[in-house]
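First listed ligand is number 1; within each ligand, the first listed atom is number 1. Values below: all heavy atoms of this structure, side chains included; hydrogens, waters and symmetry mates excluded. These numbers were taken from a predicted model, which means no experiment stands behind them.
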Amino acid sequence: MRKLCVIGDPIGHSLSPVIQNAMIQAAGLDYVYDARRVTGEDTACWLKQAVAEGYVGFNATMPHKENLVALADELSEDAALFRSVNTVRLKDGRVYGHNTDGAGFIRALREADMDPAGKTVLVLGAGGAAKAVVYKLVEAGAAHVTVANRTVKRAGGLCSQIGAKGLTACGFSRETLCRHASTSQLVVNCTSLGMTGARGQFEDLSFLEELNPGAGVFDLIYNPAQTPLLAKAQGLGHKVANGLGMLIWQALFALEIFTETKLDGAVMAAAARQALEAVV
Ligand code: NAP
């Protein structure tokens, strides 16, 4: 059996082994996927160990995504753009760094019937996940994207780095969020607010009341399945989706990279969802 894993610190909470092993089984592949705790100082050591132990590849979560950018021999276009690697393929002594978060996000967004083409989008947050999200929204033809972040400088930096037309950075006050919500057709939460185990919560969700009736709300968080943001948006009659679809699709695209096989997305996603139901 060929070996795959996810590395991170902490790693005990990771759902990747459940998702990946369910998809591996559904596809009849001869692989096994486990989780390894690797600290942030040990990314380079781990790479040598992974080669020595015969790993075909691995996924990476906090705190390795940025470290792996400099350690890869080659980067995919998305990994180079996001300056972040979540999928590593080890082949013929070389390290190939990929990032499937952005592709997973856009696939899940479309699956939730929230295609961003031509839309005005309000993105909340400007961290690592937001970078992948904003790049993909621009690539998918969003007409305008406003990045609202507690640290405005970080939102400005993200917009300058992407350097596309129709990007605006702003702060996170109630007034600012209300103003931008009133002109947005889609809101994407890329902050950790509302996540189980995270410190903060949205202090005020009244900005959602400014949204137009047809607007959608997508939250990258999947634990809990319904964040207070999604509960409020749904209560106001908006289409909503959590981050589970993104998690599953980024995993599927990673598995395709590891195995160099095109997989049946619908079958894989169904297998992953069924396996997750048993554990979450
Ligand atoms: P990150 O780089 O640490 O960014 C966190 C973001 O949250 C920053 O914009 C930060 O603002 C903001 N934030 C944190 N506490 C806040 C508070 N009290 N008030 C206002 N803003 C606050 O994290 P990340 O990697 O981008 O992840 C963000 C979220 O996306 C997490 O919940 C993660 O689980 C989720 N995610 C989901 C998937 C998926 O597959 N579904 C994939 C990736 C990430 P500042 O810049 O001001 O600190």
Side-chain angles (χ1 to χ4, degrees), residues 6 8-11 13-16 18-20 40 59-68 78-79 82-87 98-109 111-112 114 122-136 145-159 161 169-174 176-177 187-205 207 217-230 240-255 269 272-273 276 280:
V6 58
D9 183 24
I11 199 62
H13 67 289
S14 175
L15 293 174
S16 293
V18 174
I19 295 174
Q20 291 287 2
N59 287 119
T61 183
M62 259 179 44
H64 300 287
K65 287 181 169 187
E66 282 78 33
N67 297 354
L68 284 162
D78 278 359
F82 310 161
R83 308 306 297 162
S84 166
V85 167
N86 79 334
T87 301
H98 298 262
N99 192 306
T100 62
D101 281 336
F105 161 69
I106 211 76
R107 180 64 182 255
L109 193 68
E111 197 178 48
M114 297 184 196
L122 174 59
V123 171
L124 308 174
K131 198 190 288 182
V133 161
V134 177
Y135 263 114
K136 286 296 168 183
V145 181
T146 299
V147 182
N149 199 45
R150 175 179 61 177
T151 313
V152 191
K153 212 173 151 192
R154 201 174 180 195
L158 194 157
C159 293
Q161 191 188 338
C170 70
F172 212 73
S173 70
R174 181 187 173 277
T176 305
L177 295 184
V187 176
V188 183
N189 178 37
C190 303
T191 73
S192 49
L193 295 175
M195 185 172 77
T196 302
R199 262 184 231 138
Q201 289 287 344
F202 281 93
E203 280 165 24
D204 189 340
L205 286 165
F207 68 94
V217 179
F218 190 100
D219 199 332
L220 261 59
I221 294 169
Y222 50 83
N223 185 12
Q226 193 182 51
T227 57
L229 176 90
L230 291 187
V240 296
N242 69 19
L244 197 62
M246 174 175 172
L247 184 74
I248 291 172
W249 284 105
Q250 64 77 27
L252 168 65
F253 296 141
L255 189 58
R273 282 185 193 277
L276 285 169
V280 183

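Of the residues listed (Thr191, Leu247, Leu244, Val133), the one engaging Leu220 in a side-chain contact (heavy atoms from CB on, under 4.5 Å) is Val133, and it is the only one. Checked options Asp101, Asn59, Val85; the residue passing with Lys65 is Asp101 (criterion: side-chain contact (heavy atoms from CB on, under 4.5 Å)).
Residue Cys190 touches ligand 1 through its backbone alone, judged by heavy-atom distances below 4.0 Å. Proximity of Ala129 to ligand 1, defined as any heavy-atom pair under 4.0 Å, is shared by backbone and side chain alike. Contact annotation for Ile221 and ligand 1: only side-chain heavy atoms (C-beta onward) come within less than 4.0 Å of the ligand.
Between Lys136 and Asp78 there is a salt bridge, since a side-chain N of the basic residue sits under 4.0 Å from a carboxylate O of the acidic one.
Ring planes of Phe218 and Phe105: perpendicular class, angle over 60° (limits at 30 and 60°).
Looking only at protein heavy atoms, the nearest one to atom 11 (O) of ligand 1 is Asn149 OD1, 3.2 Å. Taking atom 47 (O) of ligand 1 as the reference point, the nearest protein heavy-atom neighbour is Thr151 OG1, 2.5 Å. Of the protein's non-hydrogen atoms, the one nearest atom 8 (C) of ligand 1 is Arg154 NH1, 3.6 Å. Regarding atom 14 (C) of ligand 1, its nearest protein heavy-atom neighbour is Ser192 OG, 3.5 Å. For atom 42 (C) of ligand 1, the nearest protein heavy atom (residue, atom name, distance) is Met246 CE, 3.6 Å. Atom 37 (C) of ligand 1 has as its closest protein heavy atom Leu220 O, 3.3 Å. The shortest contact between atom 12 (C) of ligand 1 and any protein heavy atom is with Thr191 CB, 3.8 Å.
Below 3.5 Å of separation, one finds no N or O of Leu193 facing any N or O of ligand 1. Inclusion of Leu244 in the set of residues having an N or O under 3.5 Å from an N or O of ligand 1 is not warranted. Geometrically, ligand 1 and Tyr222 share no nitrogen or oxygen pair separated by less than 3.5 Å.
Here the shortest heavy-atom distance to atom 18 (N) of ligand 1, taken over Glu66, Met195, Lys131, Arg150, belongs to Arg150.
Ligand 1 places these atoms under 4.0 Å from at least one heavy atom of Gly127: 2 (O), 4 (O), 9 (O), 26 (O). Ligand-side atoms of ligand 1 in range of Gly128: 2 (O), 26 (O), range being under 4.0 angstrom from any heavy atom. For ligand 1 and Gly125, the ligand atoms under 4.0 Å from any heavy atom of the residue are 9 (O).
Remark: the backbone N or O of Asn223 is paired with a side-chain donor or acceptor of Thr196 at under 3.5 angstrom. Formation of a donor-acceptor pair under 3.5 Å by the Asn242 side chain with backbone atoms of Gln226 is not found in this model. Not one N or O on the side chain of Asn149 forms a donor-acceptor pair closer than 3.5 Å with the backbone of Arg154. At distances below 3.5 Å, at least one donor-acceptor pair connects side-chain atoms of Ser173 with backbone N or O atoms of Thr176.
Note that CG of Leu276 is 9.5 Å distant from OH of Tyr222, once rounded to the nearest 0.5 Å. Atoms OG1 and CE, from Thr100 and Met246 in turn, are 8.5 Å apart once rounded to the nearest 0.5 Å. The structure places CG of Leu229 at 10.5 Å from CD of Gln201, a figure rounded to the nearest 0.5 Å.
Inside a 4.0 Å radius of atom 23 (O) of ligand 1 there is not any protein heavy atom.
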